[in-house]
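The first residue of the sequence shown is numbered 1, and numbering continues consecutively from there. Only this structure's heavy atoms are used, side chains among them; waters, hydrogens and symmetry mates stay out. Order of appearance sets the numbers: ligands from 1, and atoms from 1 within every ligand.
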Amino acid sequence: MDVDLTCYACGATATLADGPRCDCGEPFWVETDPGGFDWPGDGDRSLWRYGDLLPGERPTGLAAGAGGTPLVRAPRLDGDVGARVHVKYEGGNPTGTFKDRGSAVGVSVAAAEGYGAVGTVSHGNMARSMAAHAASAGLDCVVLVPADIPPSRLGLIARHDPTILRVEGEYGRLYEEAIRIGRERAVAFVNSDTPLRVAGQKTTALEIAESFAPDAPDAIVMPVSSGGHAGGVWKAFRELSAAGLVETVPRLYFVQAAACAPIAEAWARGEETVTPVEGGETVAYSIANADPPSGNRVLAAARETGGGVLAVEDGAILDARRALAERAGLFVESACATSLAGARVLADRGDLGADEDVVLVATGTGFTERDVDEPAVEARTVPMADLDGAVGDLLG
Ligand SMILES: *Cc1c(COP(=O)(O)O)cnc(C)c1O
Ligand SMILES: [Zn+2]
């Protein structure tokens, strides 16, 4: 299968066989021809409704169930950010995060190309997602994790029976090593920002845009780590502009946890390239990438759309996570709550307008991290005979 790639930075072109990165150092993305594209109307609710903009064919199995997540209006959060709040709830994906979008496309294309094995470098959601999609497609899956991964997280990945290797050494280098070894040994590595993953993850934005069509939201606020999802969202709006389906591209805002915020720090310094950081502990562990492979592309996306990159403290993240649960009914992973925490900062700065529509991307479900910020539950115990009176007390 011929899949065309381009480099956003220098314009170089390539194909999938050339590998995921340009000689200039920046990541390639999949190039499509959006010229004749139009919204698909009724039919497939999964991400494959955008098949004309995706590599590969609509598969069967789990991959056919990725995407199609709800966009939830959250009026009780409007006051927090001084704008109309909508939440794109990616917990609605088969394994509970947007990673399923990238895994669906990556694993389907690998299967169609005759690969017997796929792989990824991840200690969390992406590993779980790849293992699940490989299980459904009948492919082997190699998951490379850091040697010191907590047992609770390893257990969730192991449910789908991939081959897990704990790798000692510098975790940041594993990305390139895996790609190199994968090419020699015919394992299709679908890492955080590799082109097929980014192509699939572009569909988060296609769905958001279609929900608002023919208008577009004014701003999208989302967490960022490697920058793979961010790159996809930016690409989607570039394609929709080219197809004449959006007049204005939303301002794209990307949020990091302050303890590990290399992209936000580069943005604050006004730089166009990201410098790796040491990186500390944060409740938003899913977005703690100290050396983000697509960091420079994230800066470009923020710059070109008039958005920005910001960092929020753990206390603000946990507070936002509670607000999403208690006032939008959405229980999200801490990493995703950075979107609301970030939007609150934007509101304080006056960057969001009262008549604007803001989409917070809640990238994953909270059900995979029960131990973070678990509240002490206070509930009265009553004999059944007293139930009537107890309910009466509650209602005042
Ligand atoms: C992977 C992940 C992110 C970050 O996405 P990148 O593409 O690495 O920037 C954000 N939230 C959740 C829940 C994730 O699993
Ligand atoms: Zn390039």
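Between Glu369 and Arg321, at least one side-chain nitrogen of the basic residue sits less than 4.0 Å from a carboxylate oxygen of the acidic one, meeting the salt-bridge criterion. The residues Arg238 and Glu31 are annotated as not salt-bridged, no charged nitrogen and carboxylate oxygen being separated by less than 4.0 angstrom.
Of the N and O atoms on the side chains of Glu272 and Asn296, not one donor lies less than 3.5 Å from an acceptor on the other residue. Defined by atom type and a distance below 3.5 Å, a donor-acceptor pair is missing between the side-chain atoms of Arg173 and Tyr175.
Distances between N or O atoms of Gln201 and those of ligand 1 include no value under 3.5 Å. For ligand 1, one of its N or O atoms has an N or O atom of Gly228 under 3.5 Å away. Checking only distances, Glu333 never comes within under 3.5 Å of ligand 1, N or O to N or O. At least one N/O-N/O distance between Ser225 and ligand 1 falls below 3.5 Å. The shortest N/O to N/O separation between Ala335 and ligand 1 does not fall below 3.5 Å.
Between Cys7 atom SG and Cys22 atom SG, the angle centred on the Zn ion (ligand 2) amounts to 110° (nearest 10°). Between the SG atom of Cys24 and the SG atom of Cys10, the angle centred on the Zn ion (ligand 2) amounts to 120° when rounded to 10°.
For Thr194 (side chain) and Leu196 (main-chain N/O), no donor-acceptor pair under 3.5 Å exists by modelled atom type. At least one donor-acceptor pair under 3.5 Å links the side chain of Thr305 to the backbone N or O of Leu252.
Not a single heavy atom of Ala230 sits less than 4.0 Å from an atom of ligand 1. The shortest separation from a heavy atom of Lys99 to ligand 1 is under 4.0 Å, placing the residue in contact.
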